[in-house]
Amino acid sequence: MADRKATLTVDGLDNPVELPVYSGTLGPDVVDVRGLGAEGLFTYDPGFMATSSCQSAITYIDGAKGVLLHRGYPIEQLAKESNFVEMCYLLLFGELPDDAQYADIEKRISNHTMVHDQINNFFKGFRRDAHPMSILCGVVGGLAAFYHDHMDITKAEDREISAIRLIAKMPTIAAMSYKYNIGQPFNYPRNDLNYAENFLYMMFSNPCEEYKTNPVFAKAMDRIFMLHADHEQNASTSTVRLAGSTGANPFACISAGIAALWGPAHGGANEAVLNMLDEIGDDSEENIQRFVDKAKDKDDPFRLMGFGHRVYRNFDPRAKVMKETCDEVLAELGMADDPQLKIAKRLEQIALEDEYFIERKLYPNVDFYSGIILKAMGIPTNMFTVIFAVSRTIGWISHWHEMITGDYKIGRPRQLYIGHPQRDYPAK
Ligand code: SDX
């Protein structure tokens, strides 16, 4: 039990309320407010600005210092030394795999990359111009209809095979969403390629010519997958946890996470950044300044997409690694002076010098540079958030797994009711 407490005095209550205070390994202490219910009180925290919804050992963020740890390892070190499949093992099982465990997880993922052939029929129901995120949301939810053989979430092996199936099939379904969108035949996954190479192959190979993996693109893709893998209790992960807390099918929970991620304030920001750079158009000083002024204008809904973060009040450490990767990919392509990159770098410089952004601690986030890299690799803008979802699936399913294997209750927040008092139905 907690040996520290918070004492709350409330006007109108006879006695102060004592609430336990807990400390984690790192980060702010928490006040356990569950006892307030017995006093007829609720907490009030729209947007969950200061609310911790659970205990977790997966990811730690220090927003003030710009620190991001996955199972204790800094993202900068993982991005440089690890790879996405190894990170999947780390996030799901809690430790880095040894050689045998790595070989096993890599093989198990490869053996589950194919989707049931009937899944192909789902795509025919969508218009060709359907946004790939809408297709992904629908098809992933539909996976729940295919795996009744292992769907007892109280069994460890059923939970694990569901996690492996999701990690393995997301790139296949994502690539199928793209191929359907452009009217090209689907590519089957290949077991001789690694995770990132396989995704690029399924995206860009076509029957008319031999596809050659570009190693720079494959490395950049793997790094983008690593940088988007998990991020504590963000909106989409909280959605997966809330859906999972009802005992819902894990594939359906991930579909709910995909829906939440799609919003431009969250995972849809990478697509919104490219649309914003297109809207800005030319990199002349006065034009860029005009858009910065629009972003600062309260009466103008325009915001600098890719800037700001609920938690980071410093540089998003992922943005730094993403910027290095962006420079590498564009240098490889001889696009170092890409006009959109020039606008992005100028925006960043202005924002870091402008009082409005400094005062509000608005720095580039993970989405600011990722879109430029993806576009340079030939990936269409409407696939950017799909790629974010492919990566974040390991984060979502690791949090789902952590919750289901621990003590949890169905999530059921309360409210501050501001509607009518009770009133009678009018006599006719
Ligand atoms: C992701 O949660 C996560 O961890 C998310 C994520 C993950 O990995 O899961 O990190 C991924 O979603 C990154 C964020 C991507 N979104 C964007 O880039 C969209 C643009 N950013 C904003 O919409 C905003 O910064 C949020 C949504 C990211 C954060 O919003 P908050 O925390 O609710 O902050 P706020 O909207 O209250 O803003 C505080 C102030 C306001 O000004 P004032 O009312 O105080 O005068 O900052 C301003 C805002 O108007 N502001 C911006 C701005 N972001 C905030 N002004 C201009 N441009 C911006 N981008």
Side-chain angles (χ1 to χ4, degrees), residues 45-53 56 58-64 66-70 75 79 87 91 224-241 257-277 279-280 288 290-322 344 347-348 350-352 354-372 384-385 387-396 398-399:
D45 184 14
F48 308 124
M49 306 288 281
T51 292
S52 57
S53 59
S56 181
I58 300 172
T59 290
Y60 172 70
I61 303 171
D62 182 325
V67 169
L68 170 57
L69 308 178
H70 291 308
I75 187 61
M87 259 188 79
L91 289 170
I224 287 173
F225 283 146
M226 285 197 277
L227 293 173
H228 289 83
D230 187 51
H231 213 238
E232 199 212 64
Q233 307 307 324
N234 58 84
S236 53
T237 300
S238 299
T239 300
V240 171
R241 277 184 175 259
I258 295 168
L261 184 76
W262 193 0
H266 187 15
N270 51 18
E271 177 174 354
V273 167
L274 259 289
N275 296 337
M276 172 187 75
L277 295 175
E279 187 186 355
I280 291 174
I288 293 180
R290 186 165 63 83
F291 279 91
V292 170
D293 294 341
K294 275 168 63 71
K296 292 156 60 174
D297 178 357
K298 281 278 148 271
D299 300 326
D300 191 322
F302 178 81
R303 281 195 167 181
L304 280 190
M305 301 316 279
F307 275 83
H309 198 279
R310 170 60 61 75
V311 177
Y312 288 120
R313 297 305 181 213
N314 196 322
F315 240 89
D316 180 336
R318 302 167 297 176
K320 283 183 188 164
V321 180
M322 201 67 85
L347 271 184
E348 178 187 341
I350 293 175
L352 296 181
D354 186 298
E355 201 40 51
Y356 173 92
F357 295 91
I358 294 168
E359 192 187 306
R360 291 167 180 78
K361 301 185 187 312
L362 301 175
Y363 292 89
N365 57 46
V366 68
D367 295 301
F368 188 58
Y369 284 103
S370 56
I372 297 170
F384 290 3
T385 310
I387 288 168
F388 195 148
V390 169
S391 166
R392 187 51 58 89
T393 295
I394 182 55
W396 291 331
S398 297
H399 281 273

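Both counts, for ligands and for their atoms, begin at 1 and track the order of listing.
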Next on the checklist: Once you restrict to heavy atoms under 4.0 Å, what part of Ala272 touches ligand 1? Side chain, backbone, both or neither.
Outcome noted: neither

Next on the checklist: Any atom of ligand 1 sitting under 4.0 Å from a heavy atom of Glu232?
Outcome noted: no

Next on the checklist: Would Asn314 and Asp62 count as a side-chain contact (heavy atoms from CB on, under 4.5 Å) here? Give the steps.
Outcome noted: CA-CA 9 Å; Asn314 196 322; Asp62 182 325; over 6 Å; no

Checklist outcome for this item: Atoms of ligand 1 under 4.0 Å from any heavy atom of Asn234, numbered from 1 in the order shown, are 2 (O), 3 (C), 4 (O), 9 (O)

Item to check | Identity and distance of the protein heavy atom lying nearest atom 17 (C) of ligand 1 | outcome: Ala269 CB, 3.5 Å

Checklist outcome for this item: Short version for Phe368: what comes under 4.0 Å of ligand 1, heavy atoms counted, is neither

Checklist entry - For ligand 1, which atoms sit closer than 4.0 Å to a heavy atom of Gly306? => result 17 (C), 18 (O)

Checklist entry - So is Leu304 in contact with ligand 1, going by heavy-atom distances below 4.0 Å? => result yes

Checklist entry - Any donor and acceptor pair, going by atom type alone, linking the side chain of Asp45 with main-chain N or O of Thr51 inside 3.5 Å? => result yes

Item to check | Protein contact to atom 20 (C) of ligand 1 [nearest heavy atom, distance to 0.1 Å] | outcome: Phe307 O, 3.4 Å

Item to check | Contact with ligand 1 for Lys298, non-hydrogen, under 4.0 angstrom | outcome: yes

Checklist entry - Does the side chain of Leu304 come within less than 4.5 Å of Leu362's, by heavy atoms? => result no

Checklist entry - Quick one: does Ser391's side chain have a donor or acceptor within less than 3.5 Å of a partner on Phe225's backbone? => result yes

Checklist entry - Does any non-hydrogen side-chain atom of Glu359 lie less than 4.5 Å from one of Glu355? => result yes

Next on the checklist: Among all the protein's heavy atoms, is there at least one whose distance to atom 46 (O) of ligand 1 comes out below 4.0 Å?
Outcome noted: yes

Checklist entry - Yes or no on side-chain contact (heavy atoms from CB on, under 4.5 Å) for Phe48 and Arg310, after CA distance, side-chain angles and deciding distance? => result CA-CA 10 Å; Phe48 308 124; Arg310 170 60 61 75; 5.6 Å; no

Item to check | Ring geometry between Tyr312 and His231 (parallel below 30°, tilted from 30 to 60°, perpendicular above 60°) | outcome: tilted

Item to check | Non-hydrogen side-chain atoms of Trp396 and Ile258 separated by less than 4.5 Å | outcome: yes

Checklist entry - Should one rank Arg313, Arg392, Met276 by closest heavy-atom distance to atom 7 (C) of ligand 1, which comes out on top? => result Arg392

Checklist entry - Can a non-hydrogen atom of Pro264 be found less than 4.0 Å from any atom of ligand 1? => result yes

Item to check | Heavy-atom nearest neighbour in the protein, as seen from atom 49 (C) of ligand 1, with distance rounded to 0.1 Å | outcome: Arg303 NH2, 3.2 Å

Next on the checklist: Tell me the contacting part of His266 for ligand 1: side chain, backbone, both, or neither, using a 4.0 Å heavy-atom threshold, strictly below.
Outcome noted: both

Checklist entry - Where on His228 is there a heavy atom closer than 4.0 Å to ligand 1, on the side chain, on the backbone, on both, or on neither? => result neither

Checklist entry - Taking all non-hydrogen atoms of both residues, which atom of Thr385 and which atom of Gly267 are closest, and how far apart? => result OG1-O, 3.2 Å

Checklist entry - For Arg360, is at least one N or O under 3.5 Å away from an N or O on ligand 1? => result yes

Checklist entry - Are Ile387 and Asn270 close enough that some pair of their side-chain heavy atoms sits under 4.5 Å apart? => result no

Checklist outcome for this item: Ranked by distance from atom 14 (C) of ligand 1, the top protein heavy atom is Asn365 ND2, 3.6 Å

Checklist entry - Where is the nearest protein heavy atom to atom 57 (C) of ligand 1: which residue, which atom, and how far? => result Ala295 O, 3.6 Å

Checklist outcome for this item: Partner of Asp230 under side-chain hydrogen bond (donor to acceptor under 3.5 Å, both in side chains), picked from His399, Arg392, His70, is His399

Checklist entry - Does an N or O from Ala265, backbone or side chain, lie closer than 3.5 Å to an N or O of ligand 1? => result yes

Checklist entry - Quick one: nearest non-hydrogen protein atom to atom 51 (N) of ligand 1, plus distance? => result Leu362 CD1, 3.7 Å

Checklist entry - What protein heavy atom sits nearest atom 19 (C) of ligand 1, and how far off is it? => result Met305 CE, 3.5 Å

Item to check | Shortest protein heavy-atom distance from atom 48 (C) of ligand 1, along with the residue and atom involved | outcome: Tyr356 OH, 3.5 Å

Next on the checklist: Checking contacts now, so for atom 34 (O) of ligand 1, which I'm interested in, is there any protein heavy atom under 4.0 Å?
Outcome noted: no

Item to check | For Phe307, the option from Phe302, Phe368, Phe315, Tyr356 that meets ring-ring contact (aromatic ring centres under 6.0 Å, His included) | outcome: Phe368

Checklist outcome for this item: Of His309, Lys294, Arg310, Lys296, the one whose closest heavy atom lies nearest atom 3 (C) of ligand 1 is His309

Checklist entry - Would you call Met322 and Pro364 a side-chain contact if the rule is heavy atoms closer than 4.5 Å? => result no

Checklist entry - Can you say whether the rings of Phe388 and His266 are parallel (under 30°), tilted (30 to 60°) or perpendicular (over 60°)? => result perpendicular

